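Below is one structure, written out as structure tokens; the observations come after it.
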Amino acid sequence: MLKIIPGWQVKLLDANHIQTTGISSLELMERAAKGFVDWWNGKGFDHSAPVNIFCGAGNNGGDGFAIARLLDTSGFKVSVLKCFDESAKLSSDALVNFKLLPDGIRVMDWNEFDKSKDGIVVDAFLGVGLTGELRSTAKAIIQKINSFDGKVISVDIPSGLPSDDLLSGACVRADFTVTFAFPKLSLLFPEHAAVTGELILVDIGIADTEYDLFDSTSYYLRKEDVPFFHRKFHRFSHKGDFGKVLIVAGSEGKMGAAILSCKAALRSGSGLVTALMPKSERQIIQIAVPEAMCQFELPTDLSRFDAIGIGPGLGVMGKSALLESIFHRFKNPMVIDADALTILSENPDLVHLIPKGSILTPHLKEFDRLLGDTSNHLARLEKAADFCRSLELNLLIKGANSVICLADGRQVFNSSGTPYMATGGSGDVLTGMLTSFLGQGYSSANAMFCGVYHHGLAGEIAGEHYLRGTIASDLIDAIPETFVQLGIS
Ligand SMILES: NC(=O)C1=CN([C@@H]2O[C@H](COP(=O)(O)OP(=O)(O)OC[C@H]3O[C@@H](n4cnc5c(N)ncnc54)[C@H](OP(=O)(O)O)[C@@H]3O)[C@@H](O)[C@H]2O)[C@H](O)CC1
Ligand SMILES: [K+]
């Protein structure tokens with residue numbers, strides 16, 4: 001997993017990389033620019049669209065000059081808009097790249113930009129070197145960029161956004177942010193989604209181990225990380241090895257939630273799935289998921305189950321005693337979601353009975369109901385860290401870039417997923433997947449890494465076909481393909 005370090009430490013990360021590998025800082029800037037242009041070329045932007053690149057005087061601007069040169073070579077009609085005056089001192093690498101601009105590129109002052117023209121704007125004005133409050137000219141430049149109706153692509157970070165803090169002033173509103181080496185923490189906050197746009201991470205050749213020098217509890221979970229968290233099964237493995245799970249879900253009118261969880265658990269590899277549900281509803285589930293067994297009373301001995309998932313469609317009224325009995329009878333980590341979370345917020349004493357290592361999966365509203373109102377994501381993450389450490393529990397804060405908050409203090413931001421997943425039942429699918437991995441003998445942390453990443457990837461696969469018509473059942477159908485794409489047998 002990739003460590004997320006504060007923006008001000010990027011300089012130290014670079015210096016260390018330069019010292020250990022012997023490459024120059026200019027080469028590192030060139031790699032960043034090449035990575036940006038590779039992504040650009042993959043997008044297939046129209047060559048006739050003029051490209052206007054706003055460049056600051058620091059290394060973010062330096063990236064912009066190098067990008068301008070490379071896009072010019074690729075045949076784009078590029079203009080550079082200088083966001084500094086004649087007296088400004090450019091960073092040494094920015095100066096080199098400024099001087100390397102080919103003659104064909106028109107260089108203008110930022111206020112000469114004609115916002116009514118078509119094309120694409122590239123924002124290479126301010127990067128992680130922003131300090132303190134924006135100066136007035138910077139605000140005017142940002143306003144100018146934001147007055148443009150076309151596509152805006154930010155280099156490393158939207159100009160004006162602090163790398164590790166909440167936005168308080170003006171900021172470029174990007175459609176895409178192409179960030180280098182690691183995602184800056186603030187790019188992952190839900191309140192910044194509107195300024196970050198789609199997030200793209202470009203590898204500039206800094207190895208994960210080079211982050212070991214830095215203390216941080218924040219991480220980013222990428223596709224290449226996930227296979228390492230999977231268990232390996234051998235050819236003599238039998239259904240018992242793949243876990244027996246109990247899904248406690250569903251009530252009259254809400255059996256769909258139970259069906260989605262059970263199916264998702266089966267599709268994620270569970271050997272045996274039992275649903276605990278009201279007897280009156282049995283026909284629905286037995287027809288919809290013939291592979292699942294049904295139970296209508298809570299068994300006294302729960303030790304025959306490897307994992308339990310509770311909550312989807314369960315209902316709240318009169319269910320707190322059921323939750324309490326399960327907490328008393330089951331001593332292994334379990335997954336707690338949806339109505340079970342509501343029951344916990346209404347009966348806070350029950351929280352102390354939850355088996356250690358369990359996984360709670362609130363979305364933002366459920367989080368606030370359970371842990372108290374939070375005004376922003378930073379405050380939420382801090383609250384989550386205290387909760388997880390003190391109770392030895394794990395929390396998944398669901399949303400874009402869901403955060404896996406572990407009892408050991410790590411907070412891991414997921415990279416898979418698509419906005420098309422914001423559809424009823426998506427969380428029920430996730431509960432089934434997490435319960436399945438727990439039941440297959442994964443540690444709580446590994447079950448979360450795999451469950452959350454596969455769930456997002458299933459959303460991406462389904463979303464490619466169905467776009468905004470994606471429904472939760474499509475995610476389940478896509479689960480097998482996630483194993484194929486990750487090379488998990
Ligand atoms: N490893 C990597 O990720 C690499 C990233 N690269 C790029 O480098 C930038 C960081 O570059 P840096 O030179 O450190 O800083 P910036 O360019 O982001 O910002 C410096 C300029 O910003 C001006 N500034 C600072 N604060 C303010 C403010 N409050 N209001 C207005 N202007 C401000 C500052 O002006 P000064 O007058 O204060 O000097 C500078 O002009 C990173 O984001 C990446 O894009 C490398 O290219 C490769 C490695
Ligand atoms: K920028």
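Computed from a predicted model, the values in this text were never measured in an experiment. Position 1 is the first residue of the sequence; numbering continues from there.
Of the possible polar contacts, one joining the His192 side chain to the Leu167 backbone as a donor-acceptor pair under 3.5 Å is found. Judged by distance alone, the side chain of Gln411 and the main-chain N or O of Leu381 form a donor-acceptor pair under 3.5 Å. Counting only distance, with no hydrogens or angles, the side chain of Ser268 and the backbone of Met433 share no donor-acceptor pair below 3.5 Å. At least one donor-acceptor pair under 3.5 Å links the side chain of Tyr442 to the backbone N or O of Arg231. Formation of a donor-acceptor pair under 3.5 Å by the Ser74 side chain with backbone atoms of Phe76 is not found in this model. The main-chain N or O of Ser159 is found under 3.5 Å from a side-chain atom of Asp123 such that the two form a donor-acceptor pair.
Look at Asp114 and Lys117 and you find a salt bridge, because one of the NZ, NE, NH1 or NH2 atoms lies within 4.0 Å of a carboxylate O, short of that distance.
Applying the salt bridge (Lys or Arg N to Asp or Glu O under 4.0 Å) definition to pairs two or more places apart or across chains, those involving residues 386-413 are Asp337-Lys398, Asp408-Arg410. Sorted by first and then second residue, the salt bridge (Lys or Arg N to Asp or Glu O under 4.0 Å) pairs with a member in residues 33-61 form an empty list; sequence neighbours excluded. Applying the side-chain hydrogen bond (donor to acceptor under 3.5 Å, both in side chains) test to residues at least two apart or on different chains, the pairs with a partner in residues 94-104 are Arg69-Asn97. The stretch residues 5-29 participates, sequence neighbours left out, in these side-chain hydrogen bond (donor to acceptor under 3.5 Å, both in side chains) pairs: His17-Arg31, His17-Glu210, Ser24-Glu27, Ser25-Asp93. Every pair passing salt bridge (Lys or Arg N to Asp or Glu O under 4.0 Å) that includes a residue from residues 156-180 is listed here, sequence neighbours excluded: Asp156-Lys184. Sequence neighbours left out, the pairs with a member in residues 191-209 that pass salt bridge (Lys or Arg N to Asp or Glu O under 4.0 Å) are Asp208-Arg222.
Shortest non-hydrogen contact noted between Ser186 and Pro162 is OG-O, 2.8 Å.
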